[in-house]
Amino acid sequence: MPTELPEQSGPSSSVAEFIRRADAAGIGYKRDGDEIEILGDGLLVEFPRGRETRELYLGTEQVNALLATNFEEIRFLGDYAAIASPENQTIEAFVTSQQFPISTLSRRIRGLPRNSNQSSAADQFDSAEEPLQDASIRVEEGENWLELSAPSPTMRALFPYRRFTLKLPANAAMNSAESIATLESLSGAFFFDLDVRYGVALQLQRLRTRRLVAEERRHPAPPEYPQNVYPQEALELYRYGRSARGLPLLEFLAYYQAMEFFFPYFSEQATIASIKTELMDPGFNRLDDAYLRRLISLARPSSRGGPSERGQLRATIEGCIDGELLTNFISSSQEVRDHFCANKQHIPGLSKIQMGSDQDLRHQIADRIYALRCRIVHTKSDGGESRAEPELLLPSSDEVQWLNPEIELAKLVAQRVIVARSARALRP
């Protein structure tokens, strides 16, 4: 049954036509109750994406452009800015580069060597406003091919900003998972070859579906002259993490390294505290070998290679953070609390945080940060005992979309550790 359009919202004729065609194709869109939610002159469309959907806002110009295409055939692929078109038997994905701005990238691609049957676009290039239009390259082997060129009309309508797209053939019988695997495999090989041969580093553009954040803290007082001096090395690692927005694995590891810088100090402090407690015990007998062996045992971690890395992280967090601060962070919103405390965790290998339990919250946080660090930097091919462990966390892993609360937590801990080891600023 066709959807009845709300009279009060007054969608444009093009939006109304789009809705009618979307209805016929089974494509959903954002609703407000039983009515279609019109946002300005456009609407939020829910395109198919495997077993899920990709929500995308379309303005009037985008709607008009898509009406000239078979948008009903669009199938988004994973969290990439990529679509598969069964009708055209083509996969198309936006390409970006962390190395160059898009204008520089277009010149680099136009300057790549060409086969004799490929004309360079440099001679045809005559418009500074359209740097991508003719900057293209195509490679072929038998019936297989890859093309790096300007976006198709469909992709330009979906994402009206200038980028390159990678195009490759797709079998009409491919499901979503097979299409994604084909895209990742061929693009990975092609982009690596371009980097090795010509120094052009490319990657597929992603559309992150979720970025869960804790409530940002704002200090009520105005800025003031610095009162502290902070360790420069740790500060540089922290700033590196702050500059790595959009690179979640790198950002997390930078904050972890800022904490790690202080491991020796806090581990030694924990050992000193244990020895001091033992020596202050009225029952300590310096003439009894058993007491002396106990003392040697307490000092041994510092003298024989140090405690485990997880133990050092525990000592560091315990030495500079109180449980109330961590409780406030986790309780900053219901979504953040659910992320850390739900029985089923979004990131395999991380144990849920048990608030209000007998376990020290600081130890739980340390163990969680360490477990995530291991998922990022460790591999399973270590020659050791085979265990059912989570796989290496990669930038393409689905769990990456859930990393932001973990990054915010690591950032908070790094801040507190740096502050704990600061010194008062000297005045002239």
Side-chain angles (χ1 to χ4, degrees), residues 79 96-101 201 203 205-266 309 312-313 316-317 319-322 325-326 328-333 335-336 339-340 346-347 350 362 365-366 368-377 393-397 399-425:
D79 64 352
T96 186
S97 174
Q98 299 288 345
Q99 182 185 19
F100 304 117
Q203 63 190 45
Q205 181 75 50
R206 290 182 177 275
L207 297 172
R208 290 297 179 197
T209 58
R210 190 174 186 82
R211 188 168 176 83
L212 184 63
V213 296
E215 182 179 350
E216 292 188 1
R217 294 169 291 124
R218 289 288 183 267
H219 200 287
E224 61 182 20
Y225 194 84
Q227 302 298 305
N228 300 328
V229 175
Y230 304 103
Q232 189 60 35
E233 298 91 339
L235 206 59
E236 188 168 336
L237 290 168
Y238 175 81
R239 288 198 300 264
Y240 186 50
R242 292 295 279 164
S243 69
R245 302 297 284 185
L247 301 170
L249 303 187
L250 184 61
E251 186 179 359
F252 175 87
L253 287 178
Y255 296 143
Y256 185 89
Q257 286 183 301
M259 306 174 217
E260 191 177 29
F261 179 79
F262 299 104
F263 281 4
Y265 172 82
F266 283 101
E309 185 166 340
Q312 292 183 79
L313 180 57
T316 300
I317 292 179
C320 60
I321 300 179
D322 59 76
L325 178 67
L326 297 173
N328 291 339
F329 173 85
I330 294 174
S331 304
S332 59
S333 75
E335 279 190 311
V336 173
H339 172 86
F340 286 103
H346 293 293
I347 305 176
L350 303 188
R362 294 171 298 180
I365 294 298
R368 188 180 181 96
I369 291 175
Y370 180 71
L372 181 55
R373 176 259 182 199
C374 289
R375 279 215 58 191
I376 295 174
V377 303
L393 191 61
L394 299 171
S396 60
S397 302
E399 305 101 294
V400 169
Q401 64 182 301
W402 298 101
L403 270 184
N404 198 64
E406 312 294 337
I407 293 172
E408 292 297 317
L409 175 59
K411 182 178 76 175
L412 173 64
V413 173
Q415 289 173 346
R416 298 301 299 180
V417 174
I418 292 172
V419 169
R421 293 298 300 138
S422 65
R424 299 300 289 179

Practice item. Tell me, with the steps shown, if Lys411 and Glu251 meet salt bridge (Lys or Arg N to Asp or Glu O under 4.0 Å). Key: CA-CA 9 Å; Lys411 182 178 76 175; Glu251 186 179 359; over 6 Å; no
Exercise for review: For Ala366 and Leu313, work out which heavy atoms get closest and say how close.
Suggested key: O-CD2, 3.2 Å
Check your understanding: Which pair of non-hydrogen atoms, one from Tyr255 and one from Ala414, has the smallest distance, and what is that distance?
Key -> O-CB, 3.8 Å
**Study point:** Aromatic Tyr265 / basic Arg421 pairing, under 6.0 angstrom, 45° off normal
**Key:** yes
Point to revise | Stepwise side chain to side chain contact (heavy atoms under 4.5 Å, CB included) test for Leu249 and Leu403 | key: CA-CA 8 Å; Leu249 303 187; Leu403 270 184; 3.4 Å; yes
**Study point:** Distance in Å, Phe340 CZ paired with Ser331 OG, rounded so as to fall on 0.5 Å steps
**Key:** 11.0 Å
Review point. What closest approach, in Å, do Glu399 and His346 show between heavy atoms, and which atom pair accounts for it?
Key: CG-O, 3.6 Å
Practice item. Please round to the nearest 0.5 Å and tell me the distance separating atom CG of Leu350 and atom CD1 of Ile369. Key: 10.5 Å
**Study point:** CD on Glu260 to CG on Leu253, rounded to 0.5 Å
**Key:** 9.5 Å
Check your understanding: Is the number of heavy atoms from other residues, nucleotides or ligands under 6.0 Å of Arg362 CZ greater than 12?
Key -> yes
Practice item. Provide the closest heavy-atom pair for Ala258 versus Phe262 in the form atom of the first, atom of the second, distance. Key: O-CD1, 3.4 Å
Review point. For Tyr240, does the OH atom have more than 12 heavy-atom neighbours from other residues, nucleotides or ligands under 6.0 Å away?
Key: no
Exercise for review: Would you indicate whether Glu233, at its atom CD, is surrounded by more than 12 heavy atoms from other residues, nucleotides or ligands within a distance under 6.0 Å?
Suggested key: yes
Practice item. Looking only at non-hydrogen atoms, find the nearest pair between Arg375 and Ile347 and report the distance. Key: NH1-CG2, 3.8 Å
**Study point:** Side-chain (Gln227) to main-chain (Tyr225) donor-acceptor, under 3.5 angstrom
**Key:** yes
Practice item. Using the side chain to side chain contact (heavy atoms under 4.5 Å, CB included) rule, take Asp79 and Val400 through it: C-alpha gap first, then chi angles, then the decisive distance, then the call. Key: CA-CA 11 Å; Asp79 64 352; Val400 169; over 6 Å; no
**Study point:** Inter-residue atom distance Met259.CE - Tyr370.OH, 0.5 Å rounding
**Key:** 13.5 Å
**Study point:** Close side-chain approach of Leu372 and Leu393, heavy atoms under 4.5 Å
**Key:** yes
Review point. About how many Å separate SG of Cys374 and CD of Glu309, when rounded to the nearest 0.5 Å?
Key: 7.0 Å
Exercise for review: With rounding to the nearest 0.5 Å, note down the distance linking CD1 in Ile418 to CG in Leu237.
Suggested key: 8.0 Å
Point to revise | Step-by-step side chain to side chain contact (heavy atoms under 4.5 Å, CB included) determination, His339 to Glu406 | key: CA-CA 9 Å; His339 172 86; Glu406 312 294 337; 2.7 Å; yes
Review point. Closest heavy-atom contact between Phe252 and Ile407?
Key: CB-CG1, 4.1 Å
Practice item. Determine, step by step, whether Leu412 and Ile321 satisfy the side chain to side chain contact (heavy atoms under 4.5 Å, CB included) criterion, reporting the C-alpha distance in whole Å, the side-chain angles of both residues, the deciding distance to 0.1 Å, and the verdict. Key: CA-CA 10 Å; Leu412 173 64; Ile321 300 179; 5.9 Å; no
